[in-house]
Amino acid sequence: MKSPFYVTTPIYYINDVPHLGTAYTTIAADVLARYARLRGADTWFLTGTDEHGIKVQRVAEQKGTPPQEYADEVSAMFRATWPRLGCAPDDFIRTSEARHKAGVQDLWRKIRDRGDLFLGHYEGLYCVGCEAYYTEKDLKQPGNLCPIHGTAAETVKEESYFFRLSKYADRLLALYEKNPTFVQPTSRLNEVKSFVQAGLSDLSVSRTTFQWGIPVPDDAKHVMYVWFDALSNYLTAVQEPAERRRFWPASVHLVGKDILRFHAIYWPAFLMAAGYADDELPKQIFAHGFLTYGGQKMSKSLRNTISPADLAESLSPTVGVDAVRYCLMRAISFGQDGDFSIDDVLARYASELGNSLGNLLNRVQPFAKVVPSKGVTGPLEADLAAAHAEGAKAAAEAFDAYNPTRALDAIWTVCAAANVYVDKSAPWAAKKRGDDARLGTIVATLVEELEALSVMVAPVMPSVAAAMRAQLGLPAQAGVVGRDQWPFAAPTRSTGEALPGGAPIFPRFEKEKEQELRARFAPPPEAGAAPAAPEKAKTPPVAAPAAVAPAADAKPAVTYDDFAKLELKVGVVLSAERVKKKDKLLDLRVEIGEAEPRRIVAGIATSYAPEALVGKRVVVLANLPPREFGKGLVSQGMLLAAEDDAGIRLLTIDGESGPGAKVR
Ligand code: MSP
């Protein structure tokens, strides 16, 4: 029996149209689904829209439209976008659909009947942008400003149903222990664990202050909290027709790191409370990083978004979509943040797609119109076969671990080996000396290798794969390559089959087109690029001094060996607290990849609020002897920071190197 594979994206809020940042998750899910299908899994790929909540109600009111009408309009835009990016979800769920409402109410009843929903009162500071309550210490003061939206949180007091989240802390921790890949990447699991270990409060899960939501069963003055409603989509979408139930539990929920907590804590707890056993919970939550643009998260509120369809269309009407998919999956290490840059896209298009993959295809064409007989192979063919075996295996393992970036790296080692093979085997020389047998071996070897590549790139670049296959005289789609047949070795091709060939798949861009693309997709100036120098700075430069004189406070030179004695490591701040009666000190727990987090006492309280530090990546000097700051207050390391008149700023990491990574 085929094993089921069920992958989901978050369902998107309808206060925004899809941009490259949101498209990133959907493209990644599509890649995993295509790969799973190719390997013969019984695959289901779900996406959709998250339509309820006060935010949507207010936008609709402002527009003078009923919320359902507004939701229909924006949801349709999402639905229409995905095929334009080569994404083929099997289902698109909307939280305003009847099937979803019925499913969520059913889940609610199950939890209620088992005793984990109770009526109480909630008073708190609520950010409408986040659809979440905050405590005062989580908000920026003065003014109770939301750390994400910068707007003032509103005080809300209402009757509310509560979910007994506190009851599930131990079972959640046991789940993480038993299934250490429940959250990926692993560094993120540690964040989730620390959050649960710090204690869970019961969760307010209904609202009476607005109507645009799913009514609570038997108490219609309440609507459900949007996250209860939204998370349930993963389950409600595979209830009807009944044969879809085989997909539950989900194999992987792909989410951005900002919504990991909801997925890794609330969601399994809701399911546990509804009676689901551990092996009926989703198997994995994979939290990917953010796509940044000019160094900042790409998002509507920062006005730095790019329309993915626009970008693809401007690159190329034929392969633009696949090139965008490729660049997103290859350039941004899956799981970490990464910056979108048009320069990088152009460089990868020219080199990895054009010179490496595209050119390989064109190197066959001058030598054969049909597949020649392969004949006797020699050491060069053996080298290529070995490189292929290694790269293809690594690619399959990486796709299996939901790491498309590493899979592409591996596939491109095969591509590089095939190009080296052409260089070394020199088909032009065989042709010149009239050695048809050798020429046949070389061309047949290449044709087979290209077929294997067309299969391996298909999950990421489905149309490019089809175009390659057309040039190789193969059907547009490879048949299913089961668990044991992924091109672990290149396939065998029958002699005499046509090789139609064709124009280069990735034609070079003219200089003008490149310039136009660079200008059009340059990062927005307010998003980090240095402002242009003011006119008056354009005075002739003064001559530079012949040698750089040491600054007055310079220290004596050290050798590299001196420097190498420092054990510098990347740390992730797990918690931070003020120290009583010591205004300057903060007491931190910092994860640096050791059995226990380190306790670090840092003199940074005048520059940082403790809550602003949690989750921050810092640089820790780890081999200082412990230092006592007061009775029992012993610091086991030091954080590196820069200091000037403006205050103290911690050194952080560009990207997300895991805790414990060496700093050199
Ligand atoms: N509606 C909730 C999810 C509910 S799931 C039960 C939501 N929606 S969202 O539209 O705001 O975000 C959807 C996803 O897009 C999140 O995973 C978020 O991390 C992702 N991204 C939004 N901007 C992004 C980038 N710039 N880069 C990468 N992913 C980004 O949250």
Side-chain angles (χ1 to χ4, degrees), residues 7-29 46-56 59 71 74-75 77-78 81-82 87 92-96 100 103-104 107 127-132 148-149 188 213-214 224-237 250 252-268 270-271 282 285-308 311 328-329 331-341 523-524 527 656:
V7 58
T8 66
T9 71
I11 48 172
Y12 298 97
Y13 285 136
I14 52 169
N15 60 342
D16 196 357
V17 291
H19 59 71
L20 204 58
T22 35
Y24 179 67
T25 325
T26 314
I27 291 173
L46 174 73
T47 189
T49 41
D50 184 356
E51 304 182 2
H52 291 130
I54 192 164
K55 224 175 349 186
V56 172
V59 176
V74 187
S75 177
M77 277 199 270
F78 273 91
T81 295
W82 305 133
C87 296
F92 186 99
I93 187 152
R94 300 182 52 191
T95 53
S96 62
H100 175 72
V104 186
L107 188 72
C127 169
V128 171
C130 301
E131 297 282 15
I148 295 165
H149 295 91
R188 299 254 168 240
I214 300 183
M224 292 178 199
Y225 170 46
V226 276
W227 275 100
F228 186 92
D229 166 352
L231 287 161
S232 310
N233 89 88
Y234 303 127
L235 186 63
T236 60
V252 59
H253 292 316
L254 289 189
V255 301
K257 60 182 182 177
D258 52 334
I259 56 171
L260 173 61
R261 218 174 264 180
F262 298 97
H263 284 79
I265 300 173
Y266 297 179
W267 180 223
F270 293 155
L271 290 167
I285 317 290
F286 194 112
H288 64 70
F290 286 152
L291 186 67
T292 59
Y293 189 24
Q296 303 218 43
K297 181 185 175 195
M298 192 178 281
S299 78
K300 184 184 171 189
S301 48
L302 292 171
R303 295 210 196 97
N304 65 346
T305 57
I306 289 180
S307 146
L311 174 67
L328 288 179
M329 293 299 108
I332 298 151
S333 196
F334 202 58
Q336 307 192 352
D337 287 353
D339 204 44
F340 169 83
S341 124
E656 302 223 338

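In what follows, residues are counted from 1 in the order of the sequence shown. Counting convention: from 1, in listed order, for ligands and their atoms alike.
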For the side chain of K55 and the backbone of G129, is there at least one donor-acceptor N/O pair under 3.5 Å apart?
yes

Closest to atom 23 (N) of ligand 1 among protein heavy atoms sits K297 CE, 3.5 Å

H19/Y293 under side chain to side chain donor-acceptor pair (under 3.5 Å): CA gap, chis, key distance, verdict
CA-CA 12 Å; H19 59 71; Y293 189 24; over 6 Å; no

Judged by modelled atom types alone, do T236 and H100 share a side-chain donor-acceptor pair under 3.5 Å?
yes

Could you tell me whether S299 and ligand 1 have an N or O pair separated by under 3.5 Å?
no

Return a table of donor-acceptor pairs under 3.5 angstrom between the side chains of residues 46-54 and protein atoms on other chains or two or more places apart.
| residue | atom | partner | partner atom | Å |
| --- | --- | --- | --- | --- |
| T47 | OG1 | T9 | OG1 | 2.6 |
| T49 | OG1 | E51 | OE2 | 2.7 |
| T49 | OG1 | S75 | OG | 3.0 |
| E51 | OE1 | R94 | NE | 3.4 |
| E51 | OE1 | R94 | NH2 | 3.0 |
| E51 | OE1 | S96 | OG | 2.6 |
| E51 | OE2 | S75 | OG | 3.4 |
| E51 | OE2 | R94 | NE | 2.6 |
| E51 | OE2 | R94 | NH2 | 3.4 |
| H52 | ND1 | D229 | OD2 | 2.6 |

Return the closest protein heavy atom for atom 18 (C) of ligand 1 as residue, atom name and distance.
D258 OD1, 3.6 Å

Does V7 reach the side chain of F286, with side-chain heavy atoms less than 4.5 Å apart?
no

among protein heavy atoms, the one nearest atom 13 (C) of ligand 1 is Y12 CD2, 3.4 Å

With a 4.5 Å heavy-atom cut-off, do P282 and L271 have their side chains touching?
yes

Looking at side-chain heavy atoms only, is the closest gap between V255 and F262 below 4.5 Å?
no

By number and element, which atoms of ligand 1 are closer than 4.0 Å to a non-hydrogen atom of H288?
28 (C), 29 (N)

Provide the number and element of each atom of ligand 1 under 4.0 Å from a heavy atom of A230.
6 (C)

Suppose I only count heavy atoms of G289 and a 4.0 Å limit; which atoms of ligand 1 are within that range?
28 (C)

Top protein contact for atom 20 (C) of ligand 1, by heavy-atom distance:
T25 OG1, 4.1 Å

Students should be able to answer this: which protein heavy-atom is nearest to atom 10 (O) of ligand 1, and at what distance?
Y13 N, 3.2 Å

At a 4.0 Å threshold, what atoms of ligand 1 neighbour a non-hydrogen atom of D50?
1 (N), 2 (C), 4 (C)

Do me a favour and list the nearest non-hydrogen protein atom to atom 3 (C) of ligand 1 with residue, atom name and distance?
I11 O, 3.2 Å

For ligand 1, note which part of L291 has a heavy atom under 4.0 Å away: side chain, backbone, both or neither.
both

Is it true that Y234 lies under 4.0 Å from ligand 1, counting heavy atoms only?
yes

Is there a donor-acceptor pair under 3.5 Å between the side chain of K297 and the backbone N or O of G21?
no

Any nitrogen or oxygen of L231, main chain or side chain, under 3.5 Å from a nitrogen or oxygen of ligand 1?
no

Ring-plane angle category for F270 and W267, please: parallel below 30°, perpendicular beyond 60°, tilted otherwise.
perpendicular

List ligand 1 atoms under 4.0 Å from H19, heavy atoms only on the residue side.
23 (N)

Any side-chain to backbone donor/acceptor pair from Y234 onto T8? Under 3.5 Å, distance only.
no

With the threshold set at under 4.0 angstrom, would you say W227 reaches ligand 1 through any of its heavy atoms?
yes

For atom 22 (C) of ligand 1, what is the closest protein heavy atom, and at what distance to 0.1 Å?
T22 CG2, 3.8 Å

Backbone N/O of S299 and side chain of T305: donor-acceptor pair under 3.5 Å
no

Identify which of G21, P10, A287 has a heavy atom lying nearest to atom 29 (N) of ligand 1.
G21

For atom 17 (O) of ligand 1, grab the closest protein heavy atom and report residue, atom and distance to one decimal in Å.
G256 N, 2.8 Å

Closer than 3.5 angstrom, by distance alone: can the side chain of D337 be matched with the main-chain N or O of L291 as a donor-acceptor pair?
no

Closest candidate by heavy atom, reference atom 26 (N) of ligand 1, pool H263, M298, Q296:
M298

